[in-house]
Protein chains: 2
Amino acid sequence: MTERKASFARAPVELPDEAVQAERFEKARSAQASAVLEDYVELIDDLLASGGEARPTDIARRLGVSHATATKSIGRLKREGLATSKAYRGVFLTPDGHALAARVRARHRLVVDLLIAVGVPPECAERDAEGLEHHVSDVALAAFARYLKR
Amino acid sequence: MTERKASFARAPVELPDEAVQAERFEKARSAQASAVLEDYVELIDDLLASGGEARPTDIARRLGVSHATATKSIGRLKREGLATSKAYRGVFLTPDGHALAARVRARHRLVVDLLIAVGVPPECAERDAEGLEHHVSDVALAAFARYLKR
DNA sequence: TTCAAAATGTAGCATCGGCTACATTTTGCG
DNA sequence: CGCAAAATGTAGCCGATGCTACATTTTGAA
Ligand SMILES: [Mn+2]
Ligand SMILES: [Mn+2]
Ligand SMILES: [Mn+2]
Ligand SMILES: [Mn+2]
């Protein structure tokens, strides 16, 4: 419009290498693909540890989805060897599922702690962490731990 | 198994209020729903600013998806009023799309800067940021900015 | 100018994770 | 015990986002 070729309305944009950029997006997509599974195993593990039972209806209510949706995702957990269940009984985690839950919970806490440490209000930290946690790599996680220990 | 009622193998788990927890998960899901759109407008804006054209094939290659997938997503951008395009021509952003791109880019940079500030290696920061950025709330973003200015 | 390669469009398929609607089973209360 | 309510299972729909395969258009080089 009013902008001419020689104006410097914006710094010249330097794009990353194509392959590098593609790899970053692919990583983000793959992290997202496991996000639902991670939330389920973490929640199931919490329910089992706190009360004793992890029933589809409870899981659904806490996740804010319909029980049909929860049941379908639990089916995926079972297909992937993370959970077990029998009709009309609660859901349980396999050793693999339990191990995943432990990692996911530790990561969740570390993310919350880091957010709070840099000045994010606690409830906001908890809320944001629920989405952020699935995209924090082990390397970044280690950096967070170092930072918090400083 | 070997665990008795009175043992303290693990700290008693205190679960958040159901409604609060559901709301957190819902927020994370809604953030995820806009993630793809955000990545596309940011990338299109970068391509337009750097070279001049944003063609479906370039977009696809940089995102690491097939051109058919990119075309489908560009269709969604158009449906949502963020982009325009005519057959066999490049893709352009609407004012709304451009405004979104600006916000997304600013947020992306802030996230990268914060990660680096707390000790995450730069390339790792860039990689993780691609997924993280979509889940950082405005409140957290403001906290990041404050922290970096300290 | 011609024509093959590249880019683009389009159709069709799959998976995932939402939903509603309805069928079945279990539970608990009178 | 019996029966209604709650929980659970299941079917079928949808949109988003991947893919491959193939049709069409554009482009550029001989
Ligand atoms: Mn989460
Ligand atoms: Mn979590
Ligand atoms: Mn991104
Ligand atoms: Mn980005």
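Chain A is the first sequence line, chain B the second, and so forth, proteins listed ahead of strands; every chain is numbered from 1. Here the structure is a predicted model, which is why all the values come from computation and not from measurement.
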- Task: Rounded to the nearest 0.5 Å, what's the gap from CZ on B/F144 to CG on B/L115? Could you check?
- Result: 7.5 Å

- Please report the C-alpha distance between A/E42 and A/R105 in whole Å, then the side-chain angles of each, then the deciding distance to 0.1 Å, and finally whether the salt bridge (Lys or Arg N to Asp or Glu O under 4.0 Å) criterion is met. CA-CA 6 Å; A/E42 184 183 4; A/R105 182 182 304 104; 5.2 Å; no

- Task: Among D/dG18, C/dA7, D/dG9, find the nucleotide with the atom closest to the side chain of B/T69.
- Result: D/dG18

- Message: Closest-nucleotide mapping onto DNA chain C: is A/A68 or A/V36 further toward the 5' terminus? I mean the 5' end.
- Response: A/V36

- Item | B/T71 side-chain proximity, nearest of D/dG18, D/dG9, C/dG9 | C/dG9

- Side-chain contact check for A/H67: nearest option of D/dT24, D/dT8, D/dC19 is D/dT8

- Query: Are any of B/R55's side-chain N or O atoms less than 4.0 Å away from OP1 or OP2 of C/dA7?
  - Reply: no

- Query: Counting only side-chain N and O atoms of A/R89, is one of them less than 4.0 Å from OP1 or OP2 of C/dT27?
  - Reply: yes

- On DNA chain D, nearest-nucleotide positions of B/G64 versus B/E80: which is more 5'? B/E80

- Checking A/S50 side chain against A/D46 main chain: does a donor-acceptor pair fall under 3.5 Å? yes

- Query: Do any N or O atoms from the side chain of B/R76 and from the backbone of B/V36 form a donor-acceptor pair under 3.5 angstrom?
  - Reply: no

- Query: Think B/T57 has a side-chain N or O under 4.0 angstrom from the OP1 or OP2 of C/dT8?
  - Reply: yes

- Message: On DNA chain C, does the nearest nucleotide to A/A33 precede the nearest nucleotide to A/Y88 from the 5' side, or the other way round? Give the residue.
- Response: A/A33

- Query: Checking only heavy atoms, does the side chain of B/K72 share a donor-acceptor pair with the base of C/dG12 at less than 3.5 Å?
  - Reply: yes

- Item | Rounded distance (Å) that lies between atom C1' of C/dG17 and atom CD of B/Q32 | 12 Å

